[in-house]
Amino acid sequence: MIRTRFAPSPTGYLHIGGVRSALFNWLLAKQSGGQFILRIDDTDAGRNVSEALQPILDGFRWLGMDWDEGPDIDGPHAPYYQSQRSNRYQEAAERLLASGHAYRDYATPEELKAERDAAEKKGERFFYERQWMAETDEQAAAFEAEGRPRTLRLKMPREDECVIQDLVRGEVRFEWAQEQDTVIQRPDGSCLYHLASVIDDHDFEITHVVRAEEHLPNTPRQIFILESLGYQRPQYAHLPYVAEPGGSAKLSKRKLAKYENNKDFAQLLARGRSIADRCNIPMEADTFNPVIIDFYREIGFEPQSILNYLLLLGWSLDGETEKFTVDEMVKLFTLDRVNKSPASFDPRKLISFQGDVFTQLPLETRIQRVRPFAERAGLLGTSQAEEMLAKVVDGAEDRLKIAGDILDFDYFFLEEISFNEKAFVKRICKPDNARELLRRLRDHLAPSEAFDAEYLENQIQHFCETSNIELKDIIHAIRVAATGQAGGFGMFDTLAILGKTKVLSRLDIALERAATICADA
RNA sequence: GGCCCCAUCGUCUAAUCGGUUAGGACACCGCCCUUUCACGGCGGCAAUCGGGAUUCGAGUUCCCGUGGGGUCACCA
């Protein structure tokens with residue numbers, strides 16, 4: 001039975017690299033009928049744990065990554081919050097002390113800092129030499145009489161080496177003598193991460209520890225703890241981290257400003273901002289940031305595309321197959337095809353995946369996805385607008401890649417549109433007969449009873465013949481006048497969806513506008 | 001700096017147990033389709049970090065460089 005875990009700290013946001021780690025854990029557990037556990041690493045957290053945890057749980061729920069045990073649902077090993085498990089850690093700390101694998105240490109923070117600074121001055125690395133270690137109760141009493149604070153440190157071996165069989169990296173060796181005597185318990189009795197993590201993995205019966213590569217150097221001391229306690233080693237798999245766009249450093253949410261220099265990243269962020277701006281979505285850098293999962297939910301990405309993209313960041317099936325449903329991911333994922341080197345985050349490929357996924361959704365689903373955005377942007381409200389929405393989504397076809405893209409087609413809904421200035425000049429001002437043709441076309445269409453695409457095509461073709469012009473001589477001017485835009489979907493469909501009233505009034509508005517702004521007016 | 005990890009097109013990656021014209025995808029560039037914008041179709045550009053060793057033969061094995069990165073807390 002495989003049991004995996006993801007252990008977020010309640011930081012208030014879910015990092016995209018974290019999602020990938022969690023995904024691999026989740027897939028590994030699901031494919032064998034095992035369990036995926038969510039454990040909350042809040043040993044160092046402030047008061048607002050539940051508030052800071054919410055976005056993380058929301059993120060997982062949105063992605064459809066359900067956990068079998070953890071917050072909100074509990075399970076046989078509850079509690080799943082480290083802050084509620086301190087008695088377990090203290091118990092272990094005492095055992096470690098009793099067995100001689102840990103010792104009482106009475107160094108003050110000031111003394112340690114002085115040692116550290118001195119080492120740094122000499123260009124050496126700091127290595128604690130147990131100057132304030134108390135080996136006997138007498139020594140401990142003497143230190144305590146001086147009023148020194150007591151911490152518990154691991155008494156690391158000074159010879160031999162630690163050999164790890166890592167499922168993605170193979171055999172990795174560390175010399176024990178290089179390992180520091182890590183502090184596992186603070187003077188106030190609270191225990192630190194390494195201890196807590198090992199105890200929890202044991203208590204929760206975790207069989208596979210799949211986590212980011214940055215934890216690889218921590219592994220020897222965790223192995224020391226668990227073996228000292230007589231626990232069995234889990235299987236380890238250290239994943240390469242997700243690197244920044246166009247670079248090889250670890251992707252970090254704090255470097256948003258730097259990433260904005262990356263064209264692709266900047267474009268994605270700009271896209272998001274324009275949607276958020278129209279929909280009154282808050283844009284704090286803590287959550288509205290392509291490094292954070294909330295960003296994608298807020299602007300209308302599909303969980304499926306994010307999962308699929310992240311799966312391929314460091315894993316491949318055969319180098320050919322790229323599109324996977326969640327069921328396929330679960331069935332086909334294997335740790336032995338995880339790559340060893342960091343994979344940099346490529347916003348363009350993510351967008352491409354998203355476009356494919358969204359386009360293939362049934363019309364009804366697309367309408368449903370898009371509606372909240374249209375609503376928040378104030379485009380809906382009337383029953384005509386509802387009908388319009390369905391027609392627009394249908395007509396837009398694959399031009400809609402992200403749900404928030406519906407705002408690109410706001411001109412169908414708005415009473416007053418804004419004109420693309422360049423297009424207006426090029427299509428309406430510049431051709432010398434454009435205004436005349438538009439005026440005549442307006443009058444030609446005014447008496448029309450019908451206003452469907454087929455009828456419009458016939459009418460406009462006929463208009464062209466009688467005017468001795470070709471369709472292409474007028475169609476661009478019509479589009480700009482009716483939509484304000486240079487591009488869009490089929491012209492006759494566009495006019496039909498807009499409806500006669502809007503089309504006629506916009507032709508009037510465009511003509512008035514041309515009269516005032518065109519250079520020769 | 002110590003320890004550890006990594007190294008194929010711009011990016012993500014493929015290449016049984018050494019033998020391929022080093023394959024696919026995203027991006028980019030052409031052409032076609034077309035009333036525009038997309039889509040789609042066709043084509044193109046583009047990579048094994050360097051040096052040794054082993055071998056008939058090395059992207060693949062070994063060694064040495066070089067480069068990139070991670071980590072070195074009374075954080076997680």
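Letters A, B, ... are given to chains in the order of the sequence lines, protein chains preceding strands, and every chain is numbered from 1.
The gap from the C1' atom of B/G67 to that of B/U48 amounts to 16 Å, rounded to the nearest Å. B/U54 sits 35 Å from B/C12 when the P atoms are compared, rounded to a whole Å. Rounded to a whole angstrom, the distance from the C1' atom of B/U66 to that of B/C28 is 30 Å. To the nearest whole angstrom, the two C1' atoms, one in B/G23 and one in B/G30, are 23 Å apart. The P atoms of B/A58 and B/U13 are separated by 27 Å, rounded to the nearest whole Å. Nucleotides B/G59 and B/G40, compared at atom C1', are 35 Å apart to the nearest Å. Distance noted for atom C1' between B/U8 and B/U20: 14 Å (whole Å). B/A25 sits 10 Å from B/G41 when the P atoms are compared, rounded to a whole Å.
Residue A/Thr151 has its side chain nearest to B/C74 when only B/G70, B/C5, B/C74 are considered. Listed nucleotides: B/C74, B/U13, B/G68. Nearest to the side chain of A/Asn339: B/U13. Nearest nucleotide to the A/His476 side chain, out of B/U35, B/A76, B/G23: B/U35. Taking every side-chain heavy atom of A/Gln180 into account, B/C72 is the closest of B/U11, B/G70, B/C72. Distances were taken from every side-chain heavy atom of A/Arg399 (C-beta onward) to each of B/C3, B/U35, B/C37; the shortest belongs to B/C37. Minimum atom distance to the side chain of A/Lys349 is reached by B/G24, of the listed B/G24, B/U71, B/A7. Side-chain proximity of A/Leu313 to the nucleotides B/C12, B/C3, B/A38 is greatest for B/C12. Side-chain atoms of A/Ser352 lie closest to B/C26 of the nucleotides B/C26, B/G24, B/C74. Closest approach to the A/Arg116 side chain among B/C74, B/C6, B/U35 is made by B/C74 (side chain taken as heavy atoms from C-beta onward). With B/C74, B/A76, B/G1 as the candidates, the nucleotide lying closest to the side chain of A/Asn218 is B/A76.
Residue contacts shown for A/His194 include a base, since a base heavy atom lies under 4.0 Å away. Across all strands shown, A/Glu322 has heavy atoms under 4.0 Å from base atoms, whether or not it also approaches the sugar-phosphate. If you check every strand for non-hydrogen atoms under 4.0 Å, A/Arg337 touches sugar and phosphate atoms only. Note on A/Gly490: a base of the nucleic acid sits closer than 4.0 angstrom, heavy atoms only. Within the 4.0 angstrom heavy-atom criterion, only backbone atoms of the sugar-phosphate kind lie near A/Asp318; the bases stay farther away. Base contact: A/Pro187 has a heavy atom under 4.0 Å from a base atom. Heavy atoms of A/Ala7 sit nowhere under 4.0 angstrom from any nucleic acid atom. Residue-level contact check: A/Phe174 touches the backbone only, with heavy atoms under 4.0 Å from sugar-phosphate atoms and none from bases.
One finds no side-chain N or O of A/Arg125 lying less than 4.0 angstrom from the OP1 or OP2 phosphate oxygen of B/C3. Using a 4.0 Å cut-off, some side-chain N or O of A/Thr43 falls inside it from OP1 or OP2 of B/A76. OP1 or OP2 of B/A14 lies within a sub-4.0 Å distance of a side-chain N or O belonging to A/Ser316. One finds no side-chain N or O of A/Arg39 lying less than 4.0 angstrom from the OP1 or OP2 phosphate oxygen of B/A76. Using a 4.0 Å cut-off, no side-chain N or O of A/Lys263 falls inside it from OP1 or OP2 of B/G10.
Mapping A/Gly123 and A/Arg348 onto RNA chain B by nearest heavy atom places A/Gly123 at the nucleotide closer to the 5' end. Projected onto RNA chain B by closest heavy-atom contact, A/Glu171 and A/Arg427 fall at different nucleotides, the more 5' of which corresponds to A/Glu171.
In this structure B/U21 sits in no base pair that meets the Watson-Crick or G-U test at under 3.5 Å. Nucleotide B/C28: paired with B/G44 (Watson-Crick or G-U wobble, both distances less than 3.5 Å). Searching all strands for a Watson-Crick or G-U wobble partner of B/C4 with both distances below 3.5 Å returns B/G69. Using N1 to N3 plus N6-O4 or O6-N4 for Watson-Crick, or N1-O2 and O6-N3 for G-U wobble, each under 3.5 Å, B/U55 pairs with nothing.
Separating the CZ atom of A/Arg169 from the P atom of B/A7 is a distance of 9 Å, rounded to the nearest angstrom. What separates NZ of A/Lys250 from C1' of B/C5 is a distance of 13 Å, to the nearest Å. The nearest whole Å value for the distance from the CG atom in A/Leu192 to the C1' atom in B/C75 is 8 Å. To the nearest angstrom, P of B/G1 lies 20 Å from CZ of A/Phe127. Here B/A25 presents its P atom at 16 Å from CG of A/Leu317, a figure rounded to the nearest Å. Rounded to a whole Å, the CD atom of A/Gln222 is 12 Å from the P atom of B/C72. Going from atom CD of A/Gln82 over to atom P of B/C75 covers 13 Å, rounded to whole Å. Note: CG (A/Asp398) to C1' (B/G41) measures 14 Å, nearest angstrom.
Annotation: A/Tyr309 is not in aromatic contact with A/Phe301 [ring centroid separation under 6.0 Å not met]. Ring centers of A/Trp315 and A/Phe324: under 6.0 Å apart, within the cut-off.
Classified by interplanar angle (parallel below 30°, tilted 30° to 60°, perpendicular above 60°), the ring pair A/Phe224/A/His101 is perpendicular. Taking the six-membered ring for Trp and thresholds of 30 and 60 degrees, A/Phe412 and A/Phe409 have ring planes inclined between 30 and 60 degrees apart. Using cut-offs of 30° and 60° on the angle between ring planes, the pair A/Tyr193 and A/His215 is tilted. In this pair, A/Phe333 and A/Phe24 present their aromatic rings tilted. The plane angle is within the 30 to 60° band.
Across every non-hydrogen atom of A/Arg130 and A/Tyr103, the tightest pair is CG-OH, 3.3 Å.
Anti is the conformation of B/C9, whose glycosidic angle sits further than 90° from 0.
No aromatic stack links A/His238 and the base of B/G70, using centre distance under 5.5 Å and interplanar angle under 30°.
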Pair A/Lys255-A/Glu260, salt bridge (charged side-chain N to carboxylate O under 4.0 Å, His left out): steps then yes or no = CA-CA 9 Å; A/Lys255 296 190 191 158; A/Glu260 284 193 70; over 6 Å; no
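By the 6.0 Å and 45° rule, A/Arg116 stacks over the aromatic ring of A/Phe126.
Ion pairing between a basic and an acidic side chain is recognised when a charged N comes within 4.0 Å of a carboxylate O; A/Glu214 and A/Lys250 show such pairing.
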